[in-house]
Chemist: 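Here you go, one structure.
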Amino acid sequence: MATASPSVFLLMVNGQVESAQFPEYDDLYCKYCFVYGQDWAPTAGLEEGISQITSKSQDVRQALVWNFPIDVTFKSTNPYGWPQIVLSVYGPDVFGNDVVRGYGAVHVPFSPGRHKRTIPMFVPESTSKLQKFTSWFMGRRPEYTDPKVVAQGEGREGKAPSPLLPPSPIQVTAWEWVGPGLG
């Protein structure tokens with residue numbers, strides 16, 4: 001008796017990281033990556049990317065516009081570990097070093113169609129006064145060695161990153177299709 005292969009479904013995500021509001025910063029760039037469960041596998045497209053550097057618009061909004069394309073296809077046998085997109089925004093400090101200006105994550109929408117998401121961004125905060133002084137003195141803010149930790153809950157119990165005030169959201173638009181896979 002032949003064993004039946006498990007059926008899979010595909011999740012196709014096309015879209016773009018449109019723009020962001022970081023009123024106090026200019027000349028920023030964005031990185032993205034996807035975090036997903038062990039039953040998920042990318043089959044086409046890029047799992048991560050880095051945008052161009054953009055400057056604030058000259059209008060009243062002072063938006064940072066990237067229009068950075070995203071195109072990836074995943075396959076899975078079950079929805080556990082549904083993909084999340086993690087965004088990291090970087091820009092120069094007063095010394096010209098690239099420092100993190102914000103992290104954010106959101107699940108890829110669960111239903112097919114066109115979706116627009118606003119992702120709140122945050123920066124990690126030093127846990128002690130000595131670390132705060134050292135980071136100020138060295139000109140290096142705390143940042144994650146792996147930005148994927150933003151989408152994971154393990155090891156973050158009782159640790160709430162400080163949100164940027166005012167919030168610095170990023171607009172992401174995605175077109176999505178979920179359907180049966182081939183095989």
Chemist: Looking at CD of Glu125 and CD of Gln131, how far apart are the two atoms once the value is rounded to the nearest 0.5 Å?
Modeler: 10.5 Å
Chemist: Are Tyr80 and Phe9 grouped together when hydrophobic residues (ILVMFWY) are joined by side-chain heavy atoms under 4.5 angstrom apart?
Modeler: no
Chemist: Work out which heavy atom in Asp26 is nearest to a heavy atom in Pro92; give both atom names and the distance.
Modeler: O-CD, 4.0 Å
Chemist: Identify the two heavy atoms, one from Pro23 and one from Gln62, that lie closest to each other, and give their separation to 0.1 Å.
Modeler: O-OE1, 4.4 Å
Chemist: When the ring planes of Tyr144 and Tyr103 are compared, do they come out parallel, tilted or perpendicular, using 30° and 60° as the limits?
Modeler: tilted
Chemist: Are the side chains of Phe68 and Tyr32 in contact, using a 4.5 Å heavy-atom criterion?
Modeler: yes
Chemist: Anything under 30° is parallel, anything over 60° is perpendicular, the rest tilted; go ahead and classify Trp82 against Phe110.
Modeler: tilted
Chemist: To the closest 0.5 Å, what do you measure between CG (Asp27) and CG (Leu64)?
Modeler: 8.5 Å
Chemist: Identify the heavy atoms of Ser57 and Asp59 that sit nearest to each other, and give their distance.
Modeler: OG-OD1, 2.6 Å
Chemist: Can you get from Val65 to Ile53 by hopping between Ile, Leu, Val, Met, Phe, Trp and Tyr side chains that sit under 4.5 Å apart?
Modeler: no
Chemist: Identify the two heavy atoms, one from Gly113 and one from His115, that lie closest to each other, and give their separation to 0.1 Å.
Modeler: O-CD2, 3.2 Å
Chemist: Ignoring hydrogens, what is the shortest heavy-atom contact between Ala20 and Trp66? Give both atom names and the distance.
Modeler: CB-CZ3, 3.5 Å
Chemist: Quick check on Lys56: does its NZ atom have over 12 non-hydrogen neighbours (other residues, nucleotides or ligands) under 6.0 Å away?
Modeler: yes
Chemist: Can you confirm whether more than 12 heavy atoms, excluding those of Gln52, are under 6.0 Å from its CD atom?
Modeler: yes
Chemist: State the SG-CG distance between Cys33 and Asp146, to the nearest 0.5 angstrom.
Modeler: 7.0 Å
Chemist: Should Val149 and Val100 be counted in the same cluster of Ile, Leu, Val, Met, Phe, Trp and Tyr side chains packed under 4.5 Å apart?
Modeler: yes
Chemist: Between Pro142 and Pro124, which heavy-atom pair has the shortest distance, and what is it?
Modeler: O-CG, 3.5 Å
Chemist: Can you tell me how far apart CE (Met121) and CD (Gln21) are? Round to the nearest 0.5 Å.
Modeler: 12.5 Å
Chemist: Just how far is it from atom OG1 of Thr77 to atom CG of Asp39, taken to the nearest 0.5 Å?
Modeler: 4.0 Å
Chemist: Would you say the side chain of Val72 lies within less than 4.5 Å of the side chain of Leu46, judging by non-hydrogen atoms?
Modeler: no
Chemist: Do Pro83 and Leu11 have side-chain heavy atoms sitting under 4.5 Å apart?
Modeler: yes
Chemist: Does the Lys NZ or Arg CZ of Arg101 fall within the cation-pi geometry relative to Tyr25 - under 6.0 Å from the ring centre and within 45° of the axis?
Modeler: yes
Chemist: How far does CD1 of Ile70 sit from CZ of Phe34, to the nearest 0.5 angstrom?
Modeler: 5.5 Å
Chemist: Quick check: are there more than 12 heavy atoms from other residues, nucleotides or ligands sitting under 6.0 Å from CD of Glu48?
Modeler: no
